[in-house]
Structures are given as structure tokens and as C-alpha cells.
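Below is one structure; the comments refer to it alone.
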Amino acid sequence: MQNQDKSQENSYVANESRYDTMTYKRTGKSGVLLPAISLGLWHNFGFVDDIENGRDILRTAFDLGITHIDLANNYGPPPGSAETNFGTILKQDFKAYRDELFIATKAGYGMWSGPYGDFGSRKYLISSLDQSLKRMGLDYVDVFYHHRYDPDTPLEESMGALADIVRQGKALYAGISNYGLDETQRAAKLLKDMNVPFILNQARYSMFDRWVEDGLLDTLNTHGVGCIAYSPLAQGMLTDKYLNGIPKNSRAGNDSIFLNADIVQSNLSKIQSLNEIAQKRGQKLSQMAIAWILRQPEVASVLVGASSSKQLKENVKSLDCLDFSQEELQKIEEIVT
């Protein structure tokens, strides 16, 4: 998706009924409502991807009422290119809708060489956000996350940087991602003491990865912070992709660092059993997996990626059937535990 800014705005006009069918959930005790499904640009929006496909996905998302777009400084590849291409599409298609969008970015993983381009120092976080704003052509983001806890930097420094970023108007809200329970509790106290609007903890959560249920969701509820769940489909395992084997062009088929064939094989019977429940509910497995996460009151939104508009539309259909019977929940519990 090479950056090809032709310096002219396209004729995109958003669907007038975009807010009629989307479900919106309150983010903790804040005033922010997020769409139940948000769009993440981790994959499919870098310079290696097709910019027209990315534009189509973003237009489809907004037409479906998805107002929350999630990025990070290192998304691509190469790092930074997802923000650059999003900025191009934003300028061409969404300039008139900026105030209807809730845009997030993050910093915390390796971005540039040397001692100041990684983890959680004040130097890195503030410098990185300044770069992100330039790439996207924005004056501010709606929420800025520290992307991962840094054990070698005092948490007071990292949270102090978030506080100053908010006070400077570069972000409206602060968030954290990939923080454990203890670190989240400490971060929440520090931000509260600094009167910083801390509204989101972005955490990995799926039927196959339920660590957030061991205290984190309760802690977020206590502090009035919402959870936004990423990797809800367990890197594709909770879809119909692997029901009949491992496709060669899949992550598991290519032995991705995020998923390999052995992991899929060890979970295959669970995947097939869950799919049977989903079919009885009139859903795809992926749709049921998303709905299952959204049943948690602390979860403000589920973050999904999409390689096509068709895939995104299928994910949004999760919202057509959010209720679970006690029998369904019990069967799912028996399968996944």
C-alpha cells in the first residue's frame, strides 16, 4: 500500500444511516461510547498492501457505524506505514468526519534504532506520538496508549508522560495495553492522582486466552476503566479457516510467530465442537467468539482486523445475536476449559 497522495479529496459520502444499527458501549465510567466492534490496522494497511483495499475497508467500517480506528507507531510493515497510509485516506475521504471518529495510537515496542526508540521512557513516548501525529496529519489523537509495560522504567515516568501528553492536548484520553493486573492497578492509581482521564486497557482476550478474567476485569471495573479486547479470534483459530485442516496460505500453514500447526492441531477438537454450537445459534464460529467476549460488561469494544470489506461485514454480524442461554455458556465452558 504505497503512499500515493494525489492531493485531492475523493467523493466519498458516508452512509446516512451508519449509526442506526451499530451497538455502542460505554467505556468504563467515562463519557465515551465506543462501537461494540472497532477496526484495528495492525495488518493490511502498510506500504506492502493495496491502498485501495485499505480505503474500501475504512469506508465500509464507517458506513457500518465503526467510529473507532486503532493504530500504533510500529504498524505496517514497514513500521509507521499504517499511520502514513491512514493519514492519506483520512485526508482524502474522512476530513469532514474527523469529529465523528475516535482515533487511537500507541508506543511501546521497537520503532527506531538507539536507546530512545523502545519501551516506556518519557523521551520515547512523547517523541513517538509527535511522529505519529505528523504521519497521520492530525493535531491530536483521541486516545494514546503505552503499548506495553516497561519493567526498567519507573511507572511514574511512563504515566507522567501520558499525563503531560493529555495536558498538552496531543491526546484526549490515556490508555495502556498489555499490562498485567498489578501494573494496571499501579497505573490506575498514578493516573487518578494526576487527574488524567484513563479510560481504556487494551488486552488480549478470547475463548482460548482468558487471563483477563483472573482479576483484571474486576480491577478495571473498580477503577471505572473499560477493556478493549484484541485477538478475539485467537489468531484465526476461532474461525472456520482450520475446521478441515491447515491451509498452506494461513498463518499456521506458514508457521507464523503468532500461530503454528501444532497449536492448531492441539485445539482442533475444541474448535470443531465450538463450531457446532455456533451453527445451532445461526452464526459463524468467528461471530460467536466475538459475541461471547461482548457479554462481559467491562468490555467496551472488541478490536478486529480485516483483510477485506466482506470479512469486516461478517464480523459485524456478530451483533445480530449477542444473547447466550445458560446451556450454551455451560457447553462453551466445558469445551474451552
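Everything numeric in this text was worked out from a predicted model, so none of it was measured.
Clustering ILVMFWY residues whenever any of their side-chain heavy atoms sit less than 4.5 angstrom apart, transitively, puts Val264 in the very cluster that holds Leu285. In the hydrophobic clustering of ILVMFWY residues, with side-chain heavy atoms under 4.5 Å counting as a link, Tyr24 and Val143 come out apart. Under the 4.5 Å side-chain contact rule for hydrophobic residues, Tyr149 and Tyr109 do not share a cluster. Follow the hydrophobic side-chain contacts under 4.5 Å out from Ile228 and you never reach Val299; the two are in separate clusters. One hydrophobic cluster, built from ILVMFWY side chains closer than 4.5 Å, holds both Leu312 and Tyr97.
For the residue pair Tyr242 and Gln272, no side-chain donor N or O sits within less than 3.5 Å of a side-chain acceptor on the partner. Of the N and O atoms on the side chains of Ser231 and Ser206, not one donor lies less than 3.5 Å from an acceptor on the other residue. With no hydrogens or angles considered, a side-chain donor-acceptor pair links Asn201 and Thr184 at under 3.5 Å. Residues Thr153 and Glu157 have side chains that never bring a donor and an acceptor to within less than 3.5 angstrom of each other. Side chains of Asp63 and Tyr12: a donor on one and an acceptor on the other come within 3.5 Å. Defined by atom type and a distance below 3.5 Å, a donor-acceptor pair is present between the side-chain atoms of Asn178 and Tyr230. Side-chain contact, Ser132 with Glu83: a donor N or O sits under 3.5 Å from an acceptor N or O. A side-chain donor-acceptor contact under 3.5 Å links Glu213 and Tyr205. Side chain to side chain, Ser286 and Glu314 fail the donor-acceptor criterion of an N or O pair below 3.5 Å. Looking at His43 and Tyr75, their side chains never bring a donor and an acceptor atom within 3.5 Å of each other.
Under the 3.5 Å distance criterion, the side-chain polar atoms of Arg18 are matched with a main-chain donor or acceptor of Asn15. Of the possible donor and acceptor atoms, one in the side chain of Asn53 sits under 3.5 Å from a partner among the backbone N and O of Ser307. Here the side chain of Gln168 pairs no donor or acceptor atom with the backbone of Ile165 at under 3.5 angstrom. A donor-acceptor contact shorter than 3.5 Å links the side chain of Ser177 to the backbone of Gln202. The closest donor-acceptor contact from the side chain of Asp142 to the backbone of Ile103 lies under 3.5 Å. With hydrogens and angles disregarded, no donor-acceptor distance shorter than 3.5 Å links the side chain of Asp118 to the backbone of Met111. Looking only at distances, a side-chain donor or acceptor of Ser266 sits under 3.5 Å from a matching main-chain atom of Ile263.
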Would you tabulate the side-chain donor-acceptor contacts of residues 192-200 under 3.5 Å, counting partners in other chains and residues two or more places apart, or write 'none'?
{"from": "Asp193", "atom 1": "OD2", "to": "Lys189", "atom 2": "NZ", "distance (Å)": "3.0"}

Scan the side chains in residues 317-325 for donor-acceptor partners under 3.5 Å anywhere in the protein, sequence neighbours excluded, and list what turns up.
{"from": "Ser318", "atom 1": "OG", "to": "Gln287", "atom 2": "O", "distance (Å)": "3.4"}
{"from": "Ser318", "atom 1": "OG", "to": "Asn315", "atom 2": "O", "distance (Å)": "2.5"}
{"from": "Ser325", "atom 1": "OG", "to": "Glu328", "atom 2": "N", "distance (Å)": "3.0"}

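Residues Leu191 and His223 are not in side-chain contact: their nearest non-hydrogen atoms beyond the backbone lie 4.5 Å or more apart. Residues Val304 and Gln311 are not in side-chain contact: their nearest non-hydrogen atoms beyond the backbone lie 4.5 Å or more apart. A 4.5 Å side-chain heavy-atom check between Thr84 and Lys134 finds every atom pair outside the cut-off. Using a 4.5 Å heavy-atom cutoff, the side chains of Leu101 and Leu90 are in contact. A 4.5 Å side-chain heavy-atom check between Tyr179 and Leu155 finds at least one atom pair inside the cut-off. Counting heavy atoms from C-beta outward, Leu238 and Met207 have side chains that approach closer than 4.5 Å. Looking only at side-chain heavy atoms (C-beta outward), Trp42 and Asp70 stay at 4.5 Å or farther from each other. Between Leu58 and Ile69 the shortest side-chain heavy-atom distance falls below 4.5 Å.
Atom CD in Gln92 sits 11.0 Å away from atom OG in Ser11 (nearest 0.5 Å). In this structure, CG on Leu162 lies 11.5 Å from OH on Tyr145, to the nearest 0.5 angstrom. With values rounded to the nearest 0.5 angstrom, Gln326 atom CD is found 11.0 Å from Glu333 atom CD. Once rounded to the nearest 0.5 Å, the distance linking CG of Leu329 with CZ of Arg295 reads 5.5 Å. Here the CG atom belonging to Leu303 is positioned 10.5 Å from the CD1 atom belonging to Ile37, to the nearest 0.5 angstrom. Note that OG of Ser301 is 10.5 Å distant from CD1 of Ile293, once rounded to the nearest 0.5 Å.
Scanning all heavy atoms of the two residues, the minimum distance from Ala171 to Phe144 falls at CB-CB, 3.8 Å. Nearest heavy atom pair, residue Ser121 against residue Asp150, reads N-OD2, 4.4 Å. Looking at every heavy atom in both residues, Ala306 comes nearest to Ile57 through O-CD1, 3.4 Å.
Heavy atoms from other residues, nucleotides or ligands lying under 6.0 Å from CD of Gln330 number 12 at most. Annotation: Tyr19, atom OH; neighbour count of heavy atoms from other residues, nucleotides and ligands within 6.0 Å is above 12.
The aromatic rings of His68 and Phe102 sit perpendicular to each other, their planes meeting at more than 60°, with 30° as the lower class boundary.
Annotation: Phe94 is in aromatic contact with Phe62 [ring centroid separation under 6.0 Å].
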Practice item. Give the intermediate values and the outcome of salt bridge (Lys or Arg N to Asp or Glu O under 4.0 Å) for residues Lys170 and Asp164. Key: CA-CA 9 Å; Lys170 296 177 181 178; Asp164 285 343; over 6 Å; no
Review point. Given the rule in the side chain to side chain contact (heavy atoms under 4.5 Å, CB included) test, do Lys25 and Leu34 qualify, once you have shown the distances and angles that lead to the verdict?
Key: CA-CA 5 Å; Lys25 300 187 69 178; Leu34 289 184; 5.9 Å; no
Point to revise | Evaluation steps, side chain to side chain contact (heavy atoms under 4.5 Å, CB included), between Val166 and Tyr173 | key: CA-CA 6 Å; Val166 170; Tyr173 301 92; 5.9 Å; no
Practice item. Quick one: do Trp112 and Asn74 satisfy side chain to side chain contact (heavy atoms under 4.5 Å, CB included)? Show the steps, please. Key: CA-CA 9 Å; Trp112 63 84; Asn74 62 338; over 6 Å; no
Exercise for review: Give the C-alpha distance, both sets of side-chain angles, the deciding distance and a yes or no for side chain to side chain contact (heavy atoms under 4.5 Å, CB included) between Thr239 and Lys284.
Suggested key: CA-CA 7 Å; Thr239 69; Lys284 289 193 170 186; over 6 Å; no
Point to revise | salt bridge (Lys or Arg N to Asp or Glu O under 4.0 Å) evaluation trace for Lys331 with Glu334 | key: CA-CA 5 Å; Lys331 287 182 178 179; Glu334 291 171 354; over 6 Å; no
**Study point:** Verdict with reasoning, Asp50 to Arg55, per salt bridge (Lys or Arg N to Asp or Glu O under 4.0 Å)
**Key:** CA-CA 9 Å; Asp50 177 16; Arg55 173 176 281 114; over 6 Å; no
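Screening residues 26-37 for side chain to side chain donor-acceptor pair (under 3.5 Å), with sequence neighbours left out, gives no hits.
Remark: Arg98 qualifies as a cation-pi partner of Tyr140 under the 6.0 Å distance and 45° angle criteria applied to the six-membered ring.
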